[in-house]
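As structure tokens, the structure follows; a few thoughts come after it.
Residue numbers count from 1 along this sequence. Start at 1 and go down the list; that is how both ligands and their atoms are numbered. Note that the structure is a prediction, hence the values are computed from the model and not measured.
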Amino acid sequence: MKDSQYNFGMIGLGTMGRNLVNNMASHGFAVAGFDKDPAKVAALKNEAGGNVYGAQSLHDFVSAIARPRTIMLLVPAGQPVDDVVAELKPLLNEEDLIMDCGNSHFIDTDRRIKELVRNKFHFMGVGISGGEEGARKGPSIMPGGNKKVFDRVGPMLAAIAAKVNNEPCTTYLGQGSAGHYVKMVHNGIEYALMQLIAETYQLLKEYGGFTNGELHNAFDGWNKGPLKSFLVEITAEIFTKKDELTSNYLVDMIQDSAGQKGTGIWTSQSALDLQVPVPSIDAAVTARVISANKEQRLKGGALKGPGITSATDKEALLNNLGQALQFSMLIAYAQGMALLQKASAAYNYGYSLSEVAKIWRGGCIIRAEALELIMEAYNQQPGLANLMFGNKVAPILVETQQGARLIIKTAVENGIAAPAMMAGLAYYDGYRKDWLPSNLIQAQRDYFGAHTYKRTDRDGIFHTEWNKN
Ligand code: 6PG
């Protein structure tokens, strides 16, 4: 048993958890770690430099942490978090803090905060993005909860977070589940960006006839311009990786069925609840589901449509796709930011959208050059109704929509589904129009259900007996 000398505790010593502990230790923090799997505790002991302790039991772990304790959790979302909290509770003292650093659903986080406050403990929801490497070298950290309690851990989070221009990619985001909500939307945007890249890949590969070498060059080239981002960068690298079991490229040996753990779906669900359109994210979630329905897709042969032709001008295709990608990625960020804006008011989070963009510039999966522009847009106009309307954003969209339209036309003509690109353009065109055909929907609703309508020429609520002369 160790004395109560460790500043922090970490439960969940998978690769992410261990890397985070090592990150903390290399910044001078003393950290105790625990995992139910003794092999993971042993792995921590082997890897760790600095002042790190691998505890053999939960009791031993809790006793090793200085009071008031700060215990971080990196366990799978859902029941495992409740199970760990239930086991911890009898061992805690007043003012102890549990920080859930996993991808928990924000509603669970609010429930847990309430439950633990009743016992005079504290609970914070902290989103962490950056994968295994980010955890070790500096992730983007999205904390929310009681501000006074946050102040206990803020300096540690700032120390271990990624830095952009020496500024940490973390900030206090707001009360309650504010941090986990931002992380959920981060993941929703992540889904959309990944789907957009996948659609671009399909067009380049199937219509453009690009080899993996050419695909590498395309994404590598894009990563040197306004599309510069973590996801574009790793995509370029993926096309260079050879399979160890065959002589093929690895990407060609991977089944075309995407998995998902739920955060994208939650983003779409929450957006529907708050009535915020996020069609690019919805399309990305749906595309993963369709991809996973491989058995059904194999039965779709009877559904005839256009076949895929070959691009005559590969250079033009590349240019148009670059525009289409820039356009639709910006639209995906715009939808995510609009959702945060609405959630901020609905759940009293009090977000600063420029701060959110700021802490997403480094460490996280959606980090991108474009976030500088997004941060600036909300800095200049904090109340901006939609990112698309930003002084510097709108002209980029106006320019790049040309490419998006050409690419979507090409996709349609070749029978290639490009759902996230199409959804993004429809979103843009929807917001561009001062007239939409919804007067007809109101007429239909009034016709069959006497739901009433408003008129264009006078105030009031009207109903018509449509089928009477
Ligand atoms: C991150 C990632 C991370 C994880 C997601 C992926 O920000 O580091 O988003 O949280 O990769 O859980 O989720 P899916 O399994 O749903 O794709």
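The pair Asp83-Lys36 does not count as a salt bridge, with every side-chain nitrogen at least 4.0 angstrom from each carboxylate oxygen.
For ligand 1, the atoms sitting less than 4.0 Å from at least one non-hydrogen atom of Asn187 are 5 (C), 7 (O), 9 (O), 10 (O), numbered in the order shown with element in parentheses. Interface of Gln260 with ligand 1, defined as ligand atoms under 4.0 Å from a residue heavy atom, comprises 16 (O). Remark: ligand 1 atoms within the under-4.0 Å shell around heavy atoms of His186 are 7 (O). Close approach of ligand 1 to Gly131 (heavy-atom distance below 4.0 Å) involves ligand atoms 8 (O).
Remark: among candidates Arg367, Lys261, Arg288, the nearest residue to atom 17 (O) of ligand 1 is Arg288, based on non-hydrogen atoms. Of the candidates Trp266, Trp360, Tyr191, the one placing a heavy atom closest to atom 14 (P) of ligand 1 is Tyr191. Within the set Asn103, Thr263, Ile128, the minimum heavy-atom distance to atom 4 (C) of ligand 1 is found for Asn103.
For ligand 1, the polar-atom distance check against Ile365 finds no nitrogen or oxygen pair separated by under 3.5 Å.
For Lys242 and Tyr249, the positive end sits near the middle of the six-membered ring, less than 6.0 Å away and at most 45° from its axis.
Shortest contact from atom 8 (O) of ligand 1 to any protein heavy atom: Gly130 N, 3.0 Å. Scanning all protein heavy atoms for the shortest distance to atom 7 (O) of ligand 1 gives Ser129 OG, 2.5 Å. The protein heavy atom nearest to atom 9 (O) of ligand 1 is Glu190 OE1, 2.6 Å.
The salt bridge (Lys or Arg N to Asp or Glu O under 4.0 Å) check on Asp82 picks up Arg111, Arg112, with sequence neighbours excluded.
Within a 6.0 Å radius of NZ in Lys147, other residues, nucleotides and ligands contribute more than 12 heavy atoms. Remark: Lys89 NZ is packed, more than 12 non-hydrogen atoms of other residues, nucleotides or ligands lying under 6.0 Å away. Counting non-hydrogen atoms of neighbouring residues, nucleotides and ligands closer than 6.0 angstrom, the NZ atom of Lys45 exceeds 12 such neighbours.
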Can you list, pair by pair, the side-chain donor-acceptor contacts under 3.5 Å of residues 271-286, counting residues two or more places apart and other chains?
residue, atom, partner, partner atom, Å
Ser280, OG, Gln335, OE1, 3.3
Ser280, OG, Gln335, NE2, 3.0
Asp282, OD1, Ser268, OG, 2.6
Thr286, OG1, Asp282, O, 2.9

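Not a single heavy atom of Gly264 lies less than 4.0 angstrom from ligand 1.
Taking every heavy atom of both residues into account, Met99 and Val153 meet most closely at SD-CG1, 3.7 Å.
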